[in-house]
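The structure appears below as structure tokens.
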Amino acid sequence: MFSIITNIHEMGPLLGDLSISDIVGFDVETSGLDWITCKLYTIQLYLNDNTYVVDCLKFGPIKYLMELLSAKKLVGHNIKYDTKVMLAKTGVLVPDVYDTMLAEVLCYQGIGKKFYSLQELVDKYCGVTLDKEVRKSFYELGDLTELTQEQLMYAAHDVQYLHVIRDQQIIMLESQKQMRVLDLEMRLVPVVAEMENTGILLNIERWRELMGTALQEAQSTSELLKNLIFDRINYSAYATMFDLYTALSIPVKTKRDKEALQKLPCSFNYVAQLRRDLNLSSPKQLQSVFKVLGINLESTGEKILKEYQGEDELIKYLLLYREYNKKASSFGESFLEKVHQVTGRIHSEFNQLMADTGRFSSSNPNMQQIVRDSDYRHCFIASPGYVMVTCDYSQQELRLAGAITGEEKFIEAYLNNIDMHTLTASVIYDVPLDEVTREQRQIAKGYNFAVLYGSTEYGLAYNFQMPIEHARDLLDKFYKGYPRLAEFKNLMEDGIQARKYSSTPLGRKRFFEDKKFFSDSWKMNNYFNSMRRQGFNHLIQGAGADITKLALVKIHEENPFGDGLRIIMPVHDEIVCEVSADIAEKGRDFIVKCMCDVFQPFLGRIPAEASSSIELTWSK
DNA sequence: CATGAAAGCGCC
DNA sequence: AAAGGGCGCTTTCATG
């Protein structure tokens with residue numbers, strides 16, 4: 001049965017169905033994708049085999065309806081969006097949802113797509129082809145004041161298949177032993193919805209200042225660089241200016257320009273135009289510049305440039321230019337455009353399952369890659385009356401590595417407050433703890449991470465600029481010094497290679513393509529080695545993601561402070577919240593306790609630890 | 001002119 | 001042959 005609801009008196013049948021149904025298919029149609037400014041057209045519900053379309057242009061008590069629905073499990077496709085719309089329009093955050101889009105990603109994490117459309121899933125699970133043409137009419141015709149019968153009928157289609165899709169997905173996820181992960185991800189949806197809706201406040205004036213400085217520094221460094229370059233070119237080595245343009249890989253766009261340049265003899269006198277045309281952001285041109293100056297670079301990446309730093313002072317300024325230019329472009333005007341016109345806040349997107357490891361990704365803007373420079377981070381400020389509470393796990397992944405592998409030396413170190421990087425240094429350099437030098441500790445820190453990432457001796461030699469024999473020797477000592485870790489890592493990787501998936505302690509899976517045929521043996525080796533690296537890394541990184549997500553859910557669900565505590569964002573092993581200033585310490589203690597409480601069960605004897613700060617701004 | 005890949009680099 | 005895991009953003013460059 002299909003019915004349209006335009007006023008409260010038409011709700012009778014719906015109320016009847018609600019009294020006997022716990023699970024409701026749910027979808028909304030709006031005028032656009034911005035959940036804050038969009039107009040809500042319809043709410044579609046599917047329950048007890050009946051479809052209801054609420055015409056929100058006519059129906060008044062939407063908040064009342066949402067309160068009724070808050071007692072149910074709402075099933076939707078990308079339901080984070082619908083959740084945000086309802087939160088923004090009614091203030092009601094539906095607490096219990098199931099998202100068919102996210103669940104599908106979980107089923108095929110690593111080998112599947114990042115997004116599945118509803119059409120795809122309806123086709124796959126129900127064998128039905130959905131027509132999506134009418135949907136466009138909702139947001140392509142501008143501001144609608146009345147909905148046509150066709151539009152209302154269309155809106156009804158989407159919600160009818162959600163139950164079936166969910167049932168099938170649950171069968172799959174049960175067989176994969178991912179039910180705890182499914183539960184976690186679904187409980188996380190309202191948390192993320194609320195977080196995105198909350199957004200974060202930016203100190204725009206200060207940001208503008210930093211922007212200006214970066215722009216200026218980029219400009220002056222660019223001039224300096226060009227001086228250095230064009231003072232040193234041997235102009236007599238080229239017949240015409242065109243030859244020099246070619247040598248520098250500077251594109252000459254038009255035929256006219258080309259002919260003009262070919263007529264000009266090569267000379268410093270004509271350098272003005274050349275200066276303007278040289279693009280320091282072009283790797284291709286830069287590489288040619290160095291070649292002309294007598295330095296052959298494999299690439300112009302930072303790693304290579306640092307290798308050649310001693311050979312030319314140009315490189316020092318180029319690296320500086322890159323730094324300033326990065327700040328000016330990525331953290332300049334474009335960032336300010338992300339400030340929402342209506343709320344005045346930045347509402348980044350946080351995607352729960354974009355990363356194959358289960359980590360969050362962030363975009364529009366990416367809050368997880370803001371420069372770790374206090375000047376910039378201090379631009380993100382707490383709302384009036386609030387303080388910013390920044391909490392991060394101390395060595396989340398290293399602790400997990402110790403606990404998961406059961407490496408006794410890790411455990412002892414954490415129990416006795418011994419710095420892990422110093423310990424590793426003492427292990428690989430075979431010196432007592434109190435004789436470890438700063439350099440040794442620095443290298444050891446790299447080794448600790450390198451092992452989690454599955455680095456080879458080649459990679460280590462390359463990254464630390466040391467002979468391969470040395471790198472191999474240190475790696476040998478690492479594994480000899482941490483025998484349990486070495487043994488367990490190998491064992492886990494064998495299992496991953498055999499099963500073609502890896503699993504975190506919570507049960508989160510990352511699947512790998514099951515290739516059986518290879519054209520040659522190095523391709524086969526590459527495939528297996530890569531799978532072992534990614535798989536072991538998933539085990540650790542994914543476990544870290546599980547824990548941060550568990551903490552977010554716990555903070556949200558057990559929050560005793562109401563609007564006095566708002567989650568702002570996760571940054572992998574860090575959680576940033578706004579807390580009402582009068583309960584700052586209590587709020588901080590609560591957050592830290594939640595974080596440690598969810599971490600400890602995964603750590604055995606290793607203690608969970610999180611550090612925190614209370615400031616008016618984001619800090620680190 | 002549009003689109004997508006690659007380079008480079010920011011973060012954990 | 002490549003040479004440490006996971007991302008997103010900006011710019012350049014090649015292709016259609």
Original post:
Is the ring centre of A:Trp207 less than 6.0 Å from the ring centre of A:Phe335?
Top reply: yes
Original post:
Would A:Arg206 and A:Glu209 pass as an ion pair if we require N to O under 4.0 Å?
Top reply: yes
Subject >> Selection from B:dG8, C:dA1, C:dG4 that lies nearest to any side-chain heavy atom of A:Pro283 >> reply: B:dG8
**OP:** Ignoring the backbone of A:Lys284, work out which of C:dA1, C:dA3, C:dC13 is nearest its side chain.
**Re:** C:dC13
**OP:** Describe, in one word, how the ring planes of A:His340 and A:His347 are oriented to each other, choosing from parallel (under 30°), tilted (30 to 60°) and perpendicular (over 60°).
**Re:** perpendicular
Original post:
So, A:Tyr453 and C:dG5: ring centres less than 5.5 Å apart, planes less than 30° off, yes or no?
Top reply: yes
Original post:
Relative to each other, are the rings of A:Tyr393 and A:Phe599 parallel, tilted or perpendicular (30° and 60° limits)?
Top reply: perpendicular
**OP:** Can you sort out which residues in residues 346-381 of chain A have a heavy atom within less than 4.0 Å of DNA chain C? Ascending by number, please.
**Re:** A:Met354, A:Ala355, A:Asp356, A:Thr357, A:Arg359, A:Ser361, A:Ser362, A:Ser363, A:Asn364, A:Asn366, A:Gln369
Restricting to nitrogen or oxygen on both sides, can you table the protein-nucleotides 3-6 of chain B pairs closer than 3.5 Å?
none

Original post:
Are A:Lys306 and A:Glu311 close enough for a salt bridge, meaning some N to O gap below 4.0 Å?
Top reply: no
**OP:** Take the protein atom CD of A:Glu337 and the nucleotide atom C1' of C:dC9, then report the distance between them rounded to whole Å.
**Re:** 13 Å
Subject >> N or O in side chain of A:Asn279 less than 4.0 angstrom from C:dT12 OP1/OP2 >> reply: yes
Original post:
Near DNA chain C, which residues from residues 476-488 of chain A have a heavy atom under 4.0 Å away?
Top reply: none
Original post:
Ignoring hydrogens and geometry, is there a side-chain-to-backbone donor-acceptor pair from A:Lys80 to A:Phe350 under 3.5 Å?
Top reply: yes
Subject >> Proximity to the side chain of A:Tyr458 - top-ranked nucleotide from C:dA3, C:dG4, C:dG6 >> reply: C:dA3
**OP:** Decide yes or no for A:Tyr414 and A:Met420: does some side-chain heavy atom of the first lie under 4.5 Å from some side-chain heavy atom of the second?
**Re:** yes
Original post:
Rounded to whole angstroms, how far apart are CZ on A:Phe512 and P on C:dG5?
Top reply: 11 Å
Original post:
In whole Å, what is the span from the CD1 atom of A:Ile540 to the P atom of C:dG4?
Top reply: 18 Å
Subject >> Closest to the A:Lys114 side chain, choosing from C:dA14, C:dC7, C:dT12 >> reply: C:dC7
Subject >> Aromatic ring proximity A:Tyr482/A:Phe478, centre distance under 6.0 Å >> reply: yes
Original post:
With sugar-phosphate meaning primed atoms plus P, OP1 and OP2, does A:Gly544 contact a base, only sugar-phosphate, or nothing at under 4.0 Å between heavy atoms?
Top reply: nothing
Original post:
With no hydrogens and no angle check, is any side-chain donor or acceptor of A:Gln109 less than 3.5 Å from a backbone partner on A:Gly358?
Top reply: no
**OP:** Show your reasoning for whether side chain to side chain donor-acceptor pair (under 3.5 Å) applies to A:Ser222 and A:Tyr324.
**Re:** CA-CA 10 Å; A:Ser222 154; A:Tyr324 299 141; over 6 Å; no
**OP:** State whether the side chain of A:Ser455 and the backbone N or O of A:Gly459 hold a donor-acceptor pair below 3.5 Å, judged by distance alone.
**Re:** no
Original post:
Given C:dG5, C:dG4, C:dT12, which nucleotide is nearest the side-chain atoms of A:Gln534?
Top reply: C:dG5
**OP:** Give the rounded distance in Å between these two atoms: CD1 of A:Ile468 and P of C:dA2.
**Re:** 15 Å
**OP:** Rounded to whole angstrom, note down the P distance from B:dA6 over to C:dA3.
**Re:** 14 Å
**OP:** May I ask you to test the A:Asn78-A:Tyr116 pair for a side-chain heavy-atom distance under 4.5 Å?
**Re:** no
**OP:** For the residue pair A:Leu244 and A:Ile250, establish whether any side-chain heavy-atom pair is separated by less than 4.5 Å.
**Re:** no
Original post:
Is any side-chain N or O of A:Thr300 closer than 4.0 Å to OP1 or OP2 of B:dG8?
Top reply: yes
**OP:** Take the protein atom CZ of A:Phe536 and the nucleotide atom C1' of C:dG6, then report the distance between them rounded to whole Å.
**Re:** 15 Å
**OP:** Name the orientation class of the two ring planes belonging to A:Phe518 and A:Tyr527 (parallel below 30°, tilted from 30 to 60°, perpendicular beyond 60°).
**Re:** tilted
**OP:** Report the distance from atom NE2 of A:His538 to atom P of C:dC7, rounded to the nearest whole Å.
**Re:** 11 Å
Subject >> Interatomic distance, A:Asn448 CG vs C:dG5 P [rounded to whole Å] >> reply: 17 Å
**OP:** Output yes when at least one side-chain N/O atom of A:Ser299 is less than 4.0 Å from OP1 or OP2 of B:dG8, else no.
**Re:** yes
Original post:
Using Watson-Crick and G-U wobble pairs whose two distances are both under 3.5 Å, how do you write the pairing of DNA chain C as dot-bracket, with | for links to another strand?
Top reply: ....||||||||||||
Original post:
Which residues satisfy the side-chain contact (heavy atoms from CB on, under 4.5 Å) test with A:Gln341, sequence neighbours excluded?
Top reply: none
Original post:
Does one side chain, of A:Asp419 or A:Thr422, offer a donor that lies under 3.5 Å from an acceptor on the other?
Top reply: yes
**OP:** May I have the distance from A:Glu298 (atom CD) to C:dA3 (atom C1'), rounded to whole angstrom?
**Re:** 14 Å
Subject >> N or O in side chain of A:Arg533 less than 4.0 angstrom from C:dG5 OP1/OP2 >> reply: yes
Original post:
Do A:Thr357 and A:His538 have a side chain donor and acceptor closer than 3.5 Å?
Top reply: no
Original post:
Between B:dC9, C:dA1, B:dG8, which nucleotide gets closest to the side-chain atoms of A:Glu302?
Top reply: B:dC9
**OP:** Check DNA chain B against residues 311-326 of chain A and give the residues with a non-hydrogen atom under 4.0 Å, in numerical order.
**Re:** A:Arg322, A:Lys326
Subject >> Flag for A:Asp392-A:Ser611: side-chain donor and acceptor within less than 3.5 Å >> reply: yes
Subject >> Euclidean distance for C1', C:dG4 against B:dA5 (whole angstrom) >> reply: 23 Å
**OP:** With DNA chain C as reference, determine whether A:Gln541 or A:Asn526 sits nearer its 5' end, using the nearest nucleotide of each.
**Re:** A:Asn526
